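Every number for a ligand or one of its atoms is a count from 1 in the order of the listing. For clarity, every value in this text was computed on a predicted model and none was experimentally measured.
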Amino acid sequence: MLVVRNKEAVAEGVVSLTLARPDGGRLPDWAPGSHIDLILPGGVTRQYSLCGDRWDAHAYRVAVLREPDGRGGSAQVHDRLAVGDLVGVGGPRNNFPQVPSHGFLFIAGGIGITPLLPMIHQAELLGADWQLLYGGRTRASMAFADDLARAHGERVHLVPEDEYGLLDLASWLGRAVPDRKVYCCGPAPLLAAVEQHCAHWPAHSLRTERFTASELTAPVHQTPFEVELRRTGRTVTVTPDISVLQALRGAGVDLLSSCEQGTCGTCLTTVLDGVPDHRDSVLADHQRAANDCMFPCVSRSRGDRLVLDL
Ligand code: FES
């Protein structure tokens with residue numbers, strides 16, 4: 001359990017939490033792009049990107065947007081969580097690692113700025129050439145915008161929609177730049193637009209992180225399939241009405257999970273044989289093609305049988 005050391009409003013509808021061990025001890029290390037599971041009083045679990053200083057071993061910082069149409073987790077953080085409260089924390093885990101590059105273009109939409117903050121810090125430390133394109137509804141809703149502009153001047157391009165309209169992705173991404181990685185986090189329409197505009201960039205130039213699950217299409221395999229658990233020597237049957245995770249749990253296999261929507265990466269499992277029907281929002285295309293891992297909370301099997309390293 002960690003204790004809430006500080007809670008402050010950092011933009012309209014956004015609060016930041018600073019979390020620490022009650023005894024002030026060291027926390028596990030993390031790298032830019034990491035997130036933690038926040039297990040709120042009452043058991044609600046949500047994932048938030050770490051947006052503080054990775055070199056501060058004694059505090060984690062997250063920023064939480066109030067989501068009026070959400071499932072209640074953000075409202076609980078905004079309305080009820082107080083300084084001194086204890087929260088459970090899982091992770092950190094990193095599905096959005098920052099790879100070395102001479103240059104970076106960071107594209108944030110709204111609260112999507114959070115995983116990019118430590119990446120910007122890292123890019124500065126490494127002397128990389130970087131720019132930030134940051135869009136939001138209004139200037140007042142854009143967390144950390146003023147700090148970023150003050151600290152980094154012309155590298156930071158703030159685009160409040162009510163002043164300038166939508167991000168001009170065609171100008172920013174029209175010309176592919178070798179040795180530049182594009183990191184984007186924000187709402188699904190922004191990610192889709194950036195993916196489209198980066199289609200002609202060299203492979204693996206673009207990295208994205210989703211906060212919400214992609215729309216799930218119908219599973220490839222519509223009939224029951226078998227999952228062999230190689231290490232335990234058991235086989236379970238997955239019927240169309242349950243997930244692989246549920247089938248595993250039904251057979252007494254205790255696999256750690258959190259979001260159960262294919263977005264957090266917690267239930268990552270090694271695939272030894274068979275071809276998964278990847279339905280998560282975590283893996284990049286080349287990682288899917290390797291077919292050596294899957295997320296059993298949403299992903300299924302393309303064939304009659306999968307073999308997992310469980
Ligand atoms: Fe989050 Fe499976 S539990 S990806």
*Asks:* Give the ring-plane orientation class for Phe104 versus Phe106, where under 30° counts as parallel, over 60° as perpendicular and anything between as tilted.
*Replies:*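 Correct class here is parallel.
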*Asks:* Considering heavy atoms of the protein only, find what lies nearest to atom 4 (S) of ligand 1 and give residue, atom and distance to 0.1 Å.
*Replies:*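 Residue, atom and distance for the closest contact: Gly265 N, 3.3 Å.
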*Asks:* Between the side chains of Arg93 and Glu209, is the shortest nitrogen-to-carboxylate-oxygen separation below 4.0 Å, so that they form an ion pair?
*Replies:*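 Not counted as a salt bridge, because no side-chain N and carboxylate O are separated by less than 4.0 Å.
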*Asks:* Distance check below 2.8 Å: does Cys297 bring an N, O or S atom to atom 1 (Fe) of ligand 1?
*Replies:*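 Coordinating: no.
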*Asks:* Have a look at ligand 1 and work out which part of Thr263, if any, has a heavy atom under 4.0 Å from it: side chain, backbone, both or neither.
*Replies:*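 Backbone only.
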*Asks:* Got a donor-acceptor contact below 3.5 angstrom from the Lys7 side chain to the His78 backbone?
*Replies:*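 Judged by distance alone, yes, a pair lies under 3.5 Å.
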*Asks:* Report, in ascending order of atom number, the atoms of ligand 1 lying under 4.0 Å from any heavy atom of Gly262.
*Replies:*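 Answer, ordered by atom number: 4 (S).
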*Asks:* Atoms of ligand 1 less than 4.0 Å from Glu260 heavy atoms?
*Replies:*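 Here the atoms of ligand 1 in question are 1 (Fe), 3 (S).
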*Asks:* Hey, is the main chain of Arg26 close enough, under 3.5 Å, to the side chain of Arg21 for a donor-acceptor pair?
*Replies:*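 Side chain of Arg21 to backbone of Arg26, a donor-acceptor pair under 3.5 Å: yes, one is there.
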*Asks:* Could you check whether Asn94 and His35, counting side-chain N and O atoms only, form a donor-acceptor pair closer than 3.5 Å?
*Replies:*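 No, Asn94 and His35 have no side-chain donor paired with an acceptor closer than 3.5 Å.
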*Asks:* Could you check whether any side-chain N or O of Thr138 sits under 3.5 Å from a backbone N or O of Ser141, counting only pairs where one atom can act as donor and the other as acceptor?
*Replies:*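 Confirmed, Thr138 side chain pairs with Ser141 backbone.
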*Asks:* Under 4.0 Å from a heavy atom of Ser257: give me the atoms of ligand 1 that qualify, with their elements.
*Replies:*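 Those qualifying, in numeric order: 3 (S).
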*Asks:* N/O/S of Cys264 less than 2.8 Å from atom 1 (Fe) of ligand 1?
*Replies:*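 Short answer: yes, at least one N, O or S atom is under the cut-off.
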*Asks:* Within a distance under 4.0 Å of any heavy atom of Ser258, pick out the atoms of ligand 1 and give their elements.
*Replies:*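 So the answer, numbered in order with elements, is 3 (S).
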*Asks:* Could you check whether atom CZ of Arg137 has more than 12 heavy atoms from other residues, nucleotides or ligands sitting under 6.0 Å from it?
*Replies:*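 12 or below, so no.
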*Asks:* Under 4.0 Å from a heavy atom of Cys267: give me the atoms of ligand 1 that qualify, with their elements.
*Replies:*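 Reading through ligand 1 atom by atom, the close ones are 2 (Fe), 3 (S), 4 (S).
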